[in-house]
Protein chains: 4
Amino acid sequence: MERIDGAMTADLEEVVECECRVHHESGMTPFTERIGESGKERVGIAIVGAEGQLAQAGDAERPFPLESVSKAVVLALALEDVGAEALFERVGMEPSGDPYHSIATLEEGELGVPANPMINAGAIVATAMVRARDGEERFGRLLDFFRRLCGNPGLDYNREMFEAEDKDLNRALFYYMRNHDVVQGSEEDLLVPYLKQTSIEMNCRDLARIAAVLANGGKDPESGERRISEETVRIVLTLMLTTGMYDQSGRYAVEVGMPSKSGISGAILAVAPGRLGVGCIGPALNEHGNSVAGLRLLKALSCRRRLGVFAE
Amino acid sequence: MERIDGAMTADLEEVVECECRVHHESGMTPFTERIGESGKERVGIAIVGAEGQLAQAGDAERPFPLESVSKAVVLALALEDVGAEALFERVGMEPSGDPYHSIATLEEGELGVPANPMINAGAIVATAMVRARDGEERFGRLLDFFRRLCGNPGLDYNREMFEAEDKDLNRALFYYMRNHDVVQGSEEDLLVPYLKQTSIEMNCRDLARIAAVLANGGKDPESGERRISEETVRIVLTLMLTTGMYDQSGRYAVEVGMPSKSGISGAILAVAPGRLGVGCIGPALNEHGNSVAGLRLLKALSCRRRLGVFAE
Amino acid sequence: MERIDGAMTADLEEVVECECRVHHESGMTPFTERIGESGKERVGIAIVGAEGQLAQAGDAERPFPLESVSKAVVLALALEDVGAEALFERVGMEPSGDPYHSIATLEEGELGVPANPMINAGAIVATAMVRARDGEERFGRLLDFFRRLCGNPGLDYNREMFEAEDKDLNRALFYYMRNHDVVQGSEEDLLVPYLKQTSIEMNCRDLARIAAVLANGGKDPESGERRISEETVRIVLTLMLTTGMYDQSGRYAVEVGMPSKSGISGAILAVAPGRLGVGCIGPALNEHGNSVAGLRLLKALSCRRRLGVFAE
Amino acid sequence: MERIDGAMTADLEEVVECECRVHHESGMTPFTERIGESGKERVGIAIVGAEGQLAQAGDAERPFPLESVSKAVVLALALEDVGAEALFERVGMEPSGDPYHSIATLEEGELGVPANPMINAGAIVATAMVRARDGEERFGRLLDFFRRLCGNPGLDYNREMFEAEDKDLNRALFYYMRNHDVVQGSEEDLLVPYLKQTSIEMNCRDLARIAAVLANGGKDPESGERRISEETVRIVLTLMLTTGMYDQSGRYAVEVGMPSKSGISGAILAVAPGRLGVGCIGPALNEHGNSVAGLRLLKALSCRRRLGVFAE
């Protein structure tokens with residue numbers, strides 16, 4: 001893992017400063033419905049390197065819901081629980097070419113089998129494969145896993161957000177897959193824990209810590225304790241690179257080149273394997289559902305620090 | 001309406017006889033899962049003409065569930081209740097090119113709006129537009145409408161079949177449409193009455209009576225009482241011709257040419273406007289979900305009697 | 001066939017008058033690229049009934065290219081030449097749900113087999129099946145057929161239009177189908193006659209005469225001579241009803257109910273079987289490629305005169 | 001770059017030996033139509049490391065046509081000629097989810113713009129952007145580029161193969177794109193050089209040398225001379241990883257993890273960045289169009305030597 005020095009912090013501040021100016025001048029509509037506000041302080045970034053050293057800039061400490069970012073972590077726990085062979089019998093590994101919430105994609109290829117674990121249907125399957133007797137235990141294990149990865153026992157999900165959310169689209173995905181025996185069980189046991197964990201809230205520092213565990217081959221960079229197996233890390237990073245940024249994944253791989261996962265809260269978790277973990281937030285989204293500010297921050301950072309996987 | 005004479009009965013017997021031979025020799029697998037048996041007596045046909053005169057051949061008196069055949073009747077009641085303008089804001093009029101249970105089709109064009117009322121999603125919308133305070137009243141009104149059309153107050157739905165059926169695929173369609181505000185209400189109020197009415201059971205004579213009302217411009221051919229408005233009949237017949245036979249509707253329009261609706265119980269309701277109403281059953285299905293025997297019976301009959309809309 | 005009386009002429013004039021007002025007030029952009037002008041005189045209609053009697057209103061005598069309208073006539077000649085069985089091995093009978101120029105549709109179902117003869121790819125196949133030694137003879141036979149149907153030996157195609165047209169999209173369809181052995185032969189022999197016949201020019205009166213032959217079961221209404229077999233007429237009318245108005249065919253069947261074929265020149269050929277043949281023009285197109293004025297004229301006329309197939 | 005030692009050669013021989021046994025026992029049909037024979041000697045692999053050191057096993061010296069493997073190299077030359085910005089205005093960077101020869105994919109998103117440069121349509125665009133006055137010069141520049149990368153001035157294309165090939169599908173793609181102005185020019189100038197270069201023949205050693213230039217950041221590992229810019233190498237490797245193995249790219253990235261490009265001749269070019277270049281051949285193809293033997297060889301090798309990008 002890479003050491004964090006003053007130059008890194010300066011870099012972060014510069015890219016955030018620059019991004020906020022662009023963001024402000026463009027007058028882009030921020031994602032206010034769930035986050036509540038916008039402006040300069042709403043763009044934030046944090047980086048974790050060797051020994052858990054941290055750098056941050058902008059609004060890196062205010063919490064946001066994870067939304068789709070959590071799919072990468074759910075995938076990791078499902079892989080740890082049941083192994084790659086069992087998991088990939090029920091979810092594919094290919095980019096779908098369709099939006100993350102698409103149901104049409106479930107009628108292509110093998111009926112009811114989602115294209116990959118980074119779209120909603122695929123993450124519902126991954127959640128369903130997390131070992132537990134019921135929905136409560138399933139969500140409990142997921143929340144615990146997030147807490148251990150961040151080293152933050154105070155993490156929780158946003159109850160109002162979970163209650164208020166329109167669940168019908170995910171219900172449609174769930175029942176379609178259940179009809180094809182891809183998942184087996186009740187809404188309560190399988191779908192509810194999926195929906196709850198998308199509402200887990202954290203800030204950029206927490207997010208960067210999760211990214212740093214992935215960057216460090218599955219070990220906590222501070223304590224050196226293993227959190228995820230090497231094999232699981234390898235699979236998760238690969239799927240993040242090929243499918244983590246919605247239907248912009250291909251372009252992002254070329255332009256940024258870091259295995260990443262974005263969410264519609266404007267959060268992005270990005271990994272420079274062997275070097276750094278990054279978490280950032282910027283609520284305004286582009287038409288693909290990716291954070292406009294986040295894309296710019298990560299592109300600038302990847303370029304300056306040559307963080308892309310094929311970058312040297 | 002056309003008078004039924006001895007020649008017509010002879011014709012019916014001949015086409016049934018011929019069909020049973022073909023059916024038997026081909027060794028085709030009949031649709032036994034829900035019907036329970038097969039063989040010669042399972043192919044049946046009935047015809048109703050002027051003054052409600054009836055001719056029948058084969059196994060025309062044993063009941064079967066309507067399945068998709070009922071979609072034509074549900075459409076009629078929804079049109080009578082809310083009118084064409086309101087109905088066709090929430091369901092299209094175009095052939096879908098996709099299977100009747102497809103969910104992918106809901107992501108094409110206007111999100112969540114089914115292509116036409118003859119596919120599952122479209123018939124769920126039509127059911128939802130039938131005027132009623134709750135699901136029980138909604139199903140009650142539908143059952144009543146079927147009973148009046150057939151002149152058979154003993155009609156009912158098959159409770160065991162309704163209970164046993166896998167409802168997940170239709171749940172997926174329902175929640176997907178509810179997510180897009182195409183339907184508004186609960187599973188209990190909207191989806192349950194749809195599922196119940198697909199389980200309504202009748203025989204070929206009942207089915208032919210419904211067809212005869214449509215053939216007679218909406219009036220009961222026996223009593224002369226109006227059951228459906230002319231405008232509704234016109235719309236239902238047109239949609240039966242363009243979309244009533246799943247993704248074989250185009251070929252069927254060329255080869256048989258009678259506005260018809262088929263179901264996966266092997267039933268077909270067919271109309272020769274101004275002349276005759278036909279109901280037939282034959283449980284073996286082809287790959288499109290249409291009755292093999294039914295297609296042959298109707299093709300032979302249409303050819304002999306020139307019953308197709310462009311046939312004289 | 002129906003007799004044309006003064007009331008019919010008055011009806012025609014009234015619907016044209018009314019349409020021109022709407023058209024003018026809406027400020028809709030007319031299809032000027034190929035036609036050259038617009039306005040009141042560019043909306044025209046002609047009707048041919050019993051004994052070839054004619055009524056017309058608006059600009060019914062100025063010629064326009066047929067474009068896709070010709071597909072219905074090409075289908076008739078191909079059916080007369082090779083029969084339904086041979087033709088429908090290479091082109092389907094189902095609505096495609098895709099735009100008329102779609103190439104994607106050729107990758108659905110049987111590779112390279114067009115959905116129906118009313119889309120470009122299907123009409124190229126139909127042209128290819130017209131019997132001839134080479135492209136020149138093939139086009140010659142097509143032009144002759146059009147001339148006989150109209151009773152107008154002066155008909156010809158527009159050479160400049162044919163030369164100027166961008167042929168690449170149709171080339172793509174042609175080579176894709178040739179790759180799958182659906183057509184066999186050269187661009188010169190198969191594609192060129194297709195392109196030439198889309199450039200054949202006629203006016204509303206000519207068009208109405210073709211429609212009247214179809215309405216009269218294949219016989220010229222004036223001379224009583226047979227021009228097309230009954231069987232071919234039946235098939236052509238059915239496909240016009242189910243697929244003749246692009247991806248608006250279903251709605252048009254409900255709202256107008258006459259077997260029709262439209263083209264992007266704004267022309268529509270419409271048939272009231274056993275009663276009347278109609279030809280009309282109105283260059284402004286809606287988003288489906290159908291004439292805005294034509295749709296209104298035919299809807300009004302069909303409604304007043306109850307010309308739809310299920311209308312009485 | 002990694003040094004090649006005896007252990008590497010032993011590894012290669014072992015994986016080839018093992019693969020040939022599996023291949024033989026499974027009785028899989030080899031790709032004999034173009035290659036002419038099969039069996040043990042037809043499975044071959046070569047590896048190039050530091051200073052151009054070479055190891056090989058199996059049938060590594062008999063030539064085969066490149067087919068789609070060449071798409072990675074054409075992309076490199078087009079990027080060197082016009083730059084990423086100009087190129088990616090006319091071809092995307094996203095996996096298509098469709099087969100490599102799909103034409104339907106051109107109707108999705110921006111009309112006529114191929115999803116990525118690793119499918120036929122995209123490679124035709126890349127070829128068209130290689131700077132040249134005409135088709136002959138264009139192909140000449142491509143052939144030269146291949147010769148320089150391999151350090152083999154004797155490379156050429158297979159004339160009989162080029163002549164005999166059915167060109168209609170690629171013609172369809174070409175004209176469809178030309179219709180949408182994505183390419184501008186004649187078949188002779190743009191399509192012919194594309195088709196010729198797919199017929200270029202080389203053996204595993206040549207292929208491994210090209211791979212080694214990509215592995216070495218664009219410099220020839222033997223001479224140290226720059227052949228391709230760093231920026232181009234970065235883009236080509238990324239697109240190979242995300243889209244290089246047809247619609248199996250996602251799974252291959254997880255299981256093998258080396259940026260690779262396969263062709264239907266059974267060839268695969270694979271890169272371990274900073275370490276090794278690999279070329280292998282095995283004519284039997286799976287249903288995705290990838291070499292069965294090649295996939296096994298590379299999976300075994302990647303696993304033993306930890307060659308995957310996330311394999312540390």
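Proteins get letters first, then strands, A, B, ... in listed order; numbering begins at 1 in each.
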Report task. Enumerate the residue pairs fulfilling side-chain hydrogen bond (donor to acceptor under 3.5 Å, both in side chains) with a member in residues 207-219 of chain B, sequence neighbours excluded, ordered by first and then second residue. Result ->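 Applying side-chain hydrogen bond (donor to acceptor under 3.5 Å, both in side chains) to every pair that reaches into residues 207-219 of chain B, excluding sequence neighbours, yields nothing.
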Does the side chain of [Y] come within less than 4.5 Å of [X]'s, by heavy atoms?
{"X": "B/Val48", "Y": "B/Met1", "value": "no"}
{"X": "B/Leu276", "Y": "B/Ile4", "value": "yes"}
{"X": "C/Val236", "Y": "C/Val271", "value": "no"}

Query raised in the report: Can you name the residues of residues 82-94 of chain C that have some heavy atom under 4.5 Å away from a heavy atom in chain B?
Result: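 Only C/Phe88, C/Met93, C/Glu94 of residues 82-94 of chain C have a heavy atom under 4.5 Å from chain B.
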Report task. Identify the residues of residues 238-253 of chain C whose heavy atoms come closer than 4.5 Å to a heavy atom of chain B, ordered by number, or report 'none'. Result ->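 The list, in residue order, reads C/Thr238, C/Leu239, C/Leu241, C/Thr242, C/Asp247, C/Gln248, C/Ser249, C/Gly250, C/Arg251, C/Ala253.
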Requested in this report: Indicate the atoms forming the closest heavy-atom contact of C/Ala272 with C/Ala215, along with that distance.
Outcome: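 Minimum heavy-atom contact is O-CB, 3.6 Å.
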Requested in this report: Please name the pair of heavy atoms, one in B/Leu106 and one in B/Ala121, separated by the smallest distance, quoted to 0.1 Å.
Outcome: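 Smallest heavy-atom distance, with atoms named: CD2-CB, 3.9 Å.
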Report task. Taking salt bridge (Lys or Arg N to Asp or Glu O under 4.0 Å) as the test, write out the residues that go with C/Arg275, two or more places apart. Result ->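 Listed in chain order: C/Glu2.
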Query raised in the report: How far apart are the C-alpha atoms of B/Lys71 and B/Tyr194, what are their side-chain angles, what is the distance that settles it, and do they pass the side chain to side chain contact (heavy atoms under 4.5 Å, CB included) test?
Result: CA-CA 9 Å; B/Lys71 291 181 168 76; B/Tyr194 166 77; 3.5 Å; yes
Query raised in the report: Would a distance-only check, ignoring hydrogens and angles, find a side-chain to backbone donor-acceptor pair under 3.5 Å from C/Ser291 to C/Gly282?
Result: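 Such a contact is found between C/Ser291 side chain and C/Gly282 backbone.
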